[in-house]
> 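Handing you a structure now.
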Protein chains: 2
Amino acid sequence: MSLHSPETGTDAAPRRGRGRPRKTADERDDGNRRQDLLRAAARLFRSQGFAATSTRDIAAAAGMRSGSPFYHFDNKEALLAVVMQEGMESATARQAAAMERSTTGLRRGQTLSAREALRVLVRNHFDVLLGPDSDFIPVMLYEWRSLSEAQRIEVKRLKDGYEAVWVPVLQALHASGELQGDPALSRLMIFGALNWSVQWFDARRKATLDDLTEAALQLFLKEAK
Amino acid sequence: MSLHSPETGTDAAPRRGRGRPRKTADERDDGNRRQDLLRAAARLFRSQGFAATSTRDIAAAAGMRSGSPFYHFDNKEALLAVVMQEGMESATARQAAAMERSTTGLRRGQTLSAREALRVLVRNHFDVLLGPDSDFIPVMLYEWRSLSEAQRIEVKRLKDGYEAVWVPVLQALHASGELQGDPALSRLMIFGALNWSVQWFDARRKATLDDLTEAALQLFLKEAK
DNA sequence: CCTACCGATCGGTAGG
DNA sequence: CCTACCGATCGGTAGG
């Protein structure tokens with residue numbers, strides 16, 4: 001919802017006289033105008049794609065004029081890179097918190113089984129992909145090619161950190177026979193199965209994120225031997 | 001590889017005198033100039049995305065001048081839609097042929113097990129996604145949102161036809177206990193696992209499409225009860 | 001299928 | 001952060 005009427009024709013519409021309405025106190029700076037831009041960019045990049053989204057669209061969605069995003073970001077690509085970086089940092093923090101919660105809930109001496117650990121990771125991943133405020137990670141997944149080479153390296157580093165938590169869990173499941181086949185290929189296919197949900201999941205339908213988690217575990221895991 | 005030097009500045013460069021070189025006999029019409037455009041478009045849409053690919057890029061890749069694609073297609077969107085439609089028709093035909101081959105190879109009275117049928121479908125799907133001439137289907141998978149509503153309906157119809165072959169196979173595997181959990185969710189996740197390979201598969205690495213097929217079956221299937 | 005072109009839009013900037 | 005603007009590029013077309 002833009003606060004302004006759309007800019008018609010060139011954005012140098014005369015509009016003399018009393019001019020645009022002043023912004024009220026709580027929409028002025030606050031230091032979070034940059035965050036507003038990032039959220040608007042994430043939403044538009046997700047729904048329309050990076051190349052199909054103009055910086056004017058983003059500005060309007062954040063209640064700014066067409067040139068203003070460039071006060072906060074060097075260029076359009078930098079906006080994309082920051083969306084991905086903040087998304088990955090937030091996702092990694094949420095993942096760590098979810099694992100932490102599950103571990104501290106255990107009785108002394110007890111450890112989280114690999115199966116339960118995978119459930120926590122999968123459930124959190126669905127939340128990151130499909131829950132509230134979930135535009136950032138889908139953008140990272142589906143706009144990879146729009147990054148410059150240097151940006152790709154940085155985002156890949158964050159992505160590797162996120163996935164690293166999964167590796168020992170999948171190895172333990174492989175060792176127990178609950179997961180079969182090459183664990184590296186398994187990991188890629190599991191992420192594929194989960195990440196693809198961005199394409200088809202509809203929150204208005206009946207399936208919940210818990211349902212998806214259960215279906216995923218049933219699909220991937222064998223009984224322990 | 002364009003036959004022409006790039007058009008510099010406006011595409012109304014003077015270039016008087018002897019003009020551009022005549023095209024030799026075997027690059028002239030043939031009736032397959034349209035196919036050249038489709039192949040070029042599929043390749044560029046896959047690697048750069050629809051919105052980031054200009055109709056000039058496509059024309060150049062097919063050895064044409066900037067206005068010529070519009071002799072063959074009404075507009076850029078129509079090009080995308082035809083890429084997807086031809087891709088789906090070809091994939092469905094190849095899938096039917098693969099199933100046919102596997103069935104006729106059997107001795108009289110024998111039937112293809114559901115497990116073997118799934119192997120054939122998965123292996124063919126990897127070929128469609130990652131084999132030679134495999135640009136069309138990835139474009140369909142990842143440029144869905146660039147279609148108009150009417151085009152989406154038509155492409156969805158073709159996609160449903162392709163997926164319909166999988167449904168009884170997955171149901172049989174569910175009935176035998178080899179596949180667990182809701183078969184509809186299983187199908188979506190299996191396609192996700194396979195389709196995601198477009199993002200990471202590198203033909204120069206060691207894993208073959210047979211390896212991927214084997215890994216997929218090991219990941220999804222339990223032992224028959 | 002090419003030539004020559006148009007109107008619209010886009011990313012980005014200087015100066016305030 | 002806005003105003004006013006620029007050069008480049010884009011999809012598409014008329015006429016041959």
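Values in this document were obtained by computation on a predicted structure and should not be read as measured data.
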> Relative to the 5' end of DNA chain C, which residue comes earlier, B/Leu37 or A/Thr55, by the nucleotide with the nearest heavy atom?
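First, find each residue's nearest nucleotide; the 5'-ward one identifies B/Leu37.
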
> Would you kindly say whether B/Gln35 and B/Glu86 are connected by a side-chain donor-acceptor distance under 3.5 Å?
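Per modelled atom types, B/Gln35 and B/Glu86 side chains form a pair under 3.5 Å.
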
> Evaluate B/Arg39 against B/Asp36 for salt bridge (Lys or Arg N to Asp or Glu O under 4.0 Å), listing each step before the verdict.
CA-CA 5 Å; B/Arg39 262 203 294 273; B/Asp36 294 345; 3.7 Å; yes

> Would you kindly give the CD1-to-P distance between B/Ile58 and D/dC10, to the nearest whole Å?
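Whole-Å distance recorded here is 11 Å.
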
> Working to the nearest 0.5 angstrom, can you tell me the gap between B/Leu219 CG and A/Leu185 CG?
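Reported value, rounded in 0.5 Å steps: 9.5 Å.
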
> Going by side-chain hydrogen bond (donor to acceptor under 3.5 Å, both in side chains), name the residues that satisfy it together with B/Arg123, two or more places apart in sequence or in a different chain.
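Listed in chain order: B/Asp127, B/Asp210.
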
> A/Thr92 and A/Glu89: side-chain donor and acceptor closer than 3.5 Å?
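The criterion, which ignores hydrogens and geometry beyond distance, is not satisfied for A/Glu89 and A/Thr92.
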
> Please state how far atom CG in A/Asn75 lies from atom C1' in C/dC10, giving the value in whole angstrom units.
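Atom CG in A/Asn75 sits about 14 Å away from atom C1' in C/dC10.
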
> Anything under 30° is parallel, anything over 60° is perpendicular, the rest tilted; go ahead and classify B/Trp196 against A/Tyr142.
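The rings of B/Trp196 and A/Tyr142 stand perpendicular, inter-plane angle above 60°.
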
> State plainly whether the residues B/Arg46 and B/Glu143 are in salt-bridge range, i.e. N to O under 4.0 Å.
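Salt bridge between B/Arg46 and B/Glu143, a charged N being under 4.0 Å from a carboxylate O: no.
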
> Determine the interplanar angle of the A/Trp166 and A/His125 rings, folded into 0 to 90°, and report it as parallel if under 30°, tilted if 30 to 60°, perpendicular if over 60°.
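Answer is perpendicular, since the angle exceeds 60°.
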
> Expressed as a whole number of angstroms, how long is the span from A/Tyr71:OH to C/dG16:P?
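The distance from OH of A/Tyr71 to P of C/dG16 comes to 17 Å, rounded to the nearest Å.
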
> If you compare every side-chain N and O of B/Ser54 against the phosphate oxygens of D/dT9 (OP1, OP2), does one of them come in below 4.0 Å?
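Indeed not, no polar side-chain atom of B/Ser54 lies that close.
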
> Check the surroundings of atom CG in B/Asp202: do more than 12 heavy atoms from other residues, nucleotides or ligands lie under 6.0 Å from it?
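Enclosed.
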
> Nearest-Å distance, NE2 (A/His72) to P (C/dG12)?
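Interatomic distance, NE2 of A/His72 to P of C/dG12: 16 Å.
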
> Can you check the B/Met64 CE to D/dG12 P distance for me, whole Å?
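Rounded to whole Å, this separation is 16 Å.
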
> Would you kindly compare A/Ala52 and A/Asp74 by the position of their nearest DNA chain C nucleotide and give the one closer to the 5′ end?
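Residue closer to the 5' terminus by nearest nucleotide: A/Ala52.
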
> Under a 4.0 Å heavy-atom cut-off, which of residues 76-85 of chain B touch DNA chain C?
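DNA chain C contact set from residues 76-85 of chain B: none.
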
> Starting at CZ of A/Phe70 and ending at P of D/dC2, how long is that distance when rounded to a whole Å?
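Atom-to-atom, A/Phe70 to D/dC2, this comes out as 13 Å.
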
> Has A/Arg56 got a side-chain N or O lying under 4.0 Å from the OP1 or OP2 atom of C/dT9?
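No, A/Arg56 has no side-chain N/O under 4.0 Å of OP1/OP2 on C/dT9.
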
> Provide, to the nearest angstrom, the distance between the CZ atom belonging to B/Arg65 and the P atom belonging to D/dG15.
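It works out to 21 Å between those atoms.
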
> How does DNA chain C read in dot-bracket, base by base from 5' to 3', with Watson-Crick or G-U pairs under 3.5 Å and | used when the partner is on another strand?
||||||||||||||||

